[in-house]
Amino acid sequence: MLEFLTVQSLNGLVYSMVLFLLALGLSLTFGLLRVVNLAHGAFFLMGAYFGTTVWGLTHSFWAAVVIAPLGAALMGGLLEKLWLQRFYVRDELDQVILTFGFALVFSDLMKVLWGKDIRGFPTPSAFSGAVEIANISFPSYRLLLILVGVALFVITWLAIERTRIGALIRASVADRVMVSGLGFDIRLLFTIVFAFGTGIAGLAGVLGAPIMGIYPGLDFEVLITTLIVVVVGGLGSIAGAFWASLLIGMAETFGKALVPEVASFIIFALMAGVLLIRAWGRDEEEVE
Amino acid sequence: MEQPIISLRDVNTYYGESHILQSVSLDVFRGEVVSLLGRNGVGKTTTLQTILGVPSPRSGEIRFKGEIISGIKTSDIVRRGLGWVPQGHRIFPTLSVSENLTLAASRARPGSWTLPKIYDYFPRLQERRNARGDALSGGEQQMLAIARALVQNPDMFLMDEPSEGLSPRLVQEVGDLIKDLNRQGVSILLVEQNLHFALDMADRVLIMNKGAIVFQGKPEQIRTNPLLCGQLLGVSMGKEPRSGLVN
Ligand SMILES: Nc1ncnc2c1ncn2[C@@H]1O[C@H](COP(=O)(O)OP(=O)(O)O)[C@@H](O)[C@H]1O
Ligand SMILES: [Mg+2]
């Protein structure tokens, strides 16, 4: 029983951190650009496929981990610069439809380029072993994922809260017209943040590939879960994204292990619950 | 004649289908303080923001220091030497006082105002350096909004109701600051609801009504013209001038 709890908790943590990497980019992008990027899941899958290609060429896991996210970031940057930027003057529905269109286009393109079969992805040899934790042996690669997730949370949080560029991002989130009124051209900042978000999604894709596999449709699967995480955590909040990833990741992992028939229902129920509680909170504030 | 630092010629601005600025023309000369008055909603803020390109005018021409700025990007307009003190401060709420100032300073033109000098000049901001923008009082936010524009060393200020919501003592302080800046040669286009304050500051006064400039003159002409005050400003000029006065 204790063993079951430990293993599932660790697995839940791993899954939560993959979700967090996805939610981080989506949330940051929304906070700054006010666009919900429905193509976000496509960048996850794209990162994974880029990873397999780089691995096929170099047989180096680390080359894949570095190059695949850069590829996803480049594609994200181009999407923002060439298309999305023209849509900022339009209403939100137009922007969402545009990103959804790209989600479909990318999805089909990836089927054409990489086929429809499920692909595996090898764990790097340095992390192919296992580590003893509380009497169970746990794959060290999975522990690495947990560390990467926590590290990226801390680094991004510090970058946003403590650096110059972070201050510029916070200022732009609050009042972008005022930021232009101080002489900043924030279009470049938008492109950089969008590229960063899609790059981190790509990183999640390539890091998650050895445990999740790579297959068509995975892009929309992770998109839905990430949207739920971001809604639960509050759009635009990095810390919110982190805690919500833990909540949803744990709930889904334990749900699948304990009550597989209703597992996917659990996270929707959680989201509905959080939204309800928030709505009640708002009602009370209004009454006061 | 001397060249104006800023001039608007037949400027028309729209929000969607609504025609807000209707053929506005005005000049501010170097070293001048010009007060732009008018009732609520006549287009004063829109005039300042049109100069800044938010939004750009649909027609007409705006020149700053002789060069056309209508139609170019807001960030480029500002960097030519305009300092914006917007209505309602618009301090970044999630940034500390020092972050608000450092951000502005990182985009500053060369000039005599540096961060240390700003803190010297505004001791209250020095004390509140680490406070978040949204933790400041209204007066502190207004000081910070002015300091934030000042640290960029603009040649001209666009100030939108800087006395709004301030105590009489703080209105006095802002007034002293404006006069001080003006003595150093900075030009100022000052939008105000506080009539007394605006007349005190101004070399020249413009009055707007329904998106058009309907009067230009000296402050004295307004002080002695109850009709103008009543119809266009919605105030009466008695012995104790009150009005859109905040105190
Ligand atoms: N963003 C906006 N969108 C649409 N209409 C606006 C906007 N801002 C101001 N207006 C309208 O433009 C007119 C002038 O507003 P404004 O320039 O703010 O007036 P003032 O500063 O003189 O009080 C008002 O009728 C106002 O309702
Ligand atoms: Mg106004």
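Every chain is numbered from 1, with letters handed out A, B, ... down the list of sequences.
- Contact detail for B:Arg107 and A:Gly183: the closest heavy-atom pair is NE-O, 2.9 Å.
- Shortest non-hydrogen contact noted between B:Thr94 and A:Arg170 is O-NH1, 2.9 Å.
- The minimum heavy-atom distance linking A:Asp185 with B:Lys73 is given by the pair OD2-NZ, 3.0 Å.
- Each ring pair (Phe, Tyr, Trp, His ring centres under 6.0 Å) pair with one or both residues in residues 152-178 of chain A, not counting sequence neighbours, appears once here: A:Phe20-A:Phe153, A:Phe153-A:Phe242.
- Closest approach of B:Arg90 and A:Asp175 over heavy atoms only: NE-OD2, 2.8 Å.
- Of the residues considered (B:Leu52, B:Leu95, B:Thr74), B:Leu95 shows the highest number of contacts with chain A, using heavy-atom pairs under 4.5 Å.
- In this structure, A:Phe268 places its CZ atom where only 12 or fewer heavy-atom neighbours from other residues, nucleotides or ligands lie under 6.0 Å away.
- Residues A:Ala167 and B:Glu99 approach most closely at CB-OE2, 4.2 Å, considering heavy atoms.
- In plain terms, the two heavy atoms of B:Trp84 and A:Gly181 that are nearest each other are CE3-CA, 3.9 Å.
- Neither the backbone nor the side chain of A:Val173 comes within contact range of chain B; no heavy atom of the residue lies under 4.5 Å from a heavy atom of that chain.
- Around NZ of B:Lys117, the count of heavy atoms belonging to other residues, nucleotides or ligands within 6.0 Å exceeds 12.
- Interface remark: A:Ala174 contributes side-chain atoms only to the contact with chain B (heavy atom separation under 4.5 Å).
- Scanning residues 67-103 of chain A against chain B with a 4.5 Å heavy-atom cutoff picks out nothing at all.
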side-chain contact (heavy atoms from CB on, under 4.5 Å) evaluation trace for A:Leu182 with B:Val78: CA-CA 7 Å; A:Leu182 292 177; B:Val78 169; 5.7 Å; no
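- Using a 4.5 Å cut-off between heavy atoms, A:Arg162 makes no contact with chain B at all.
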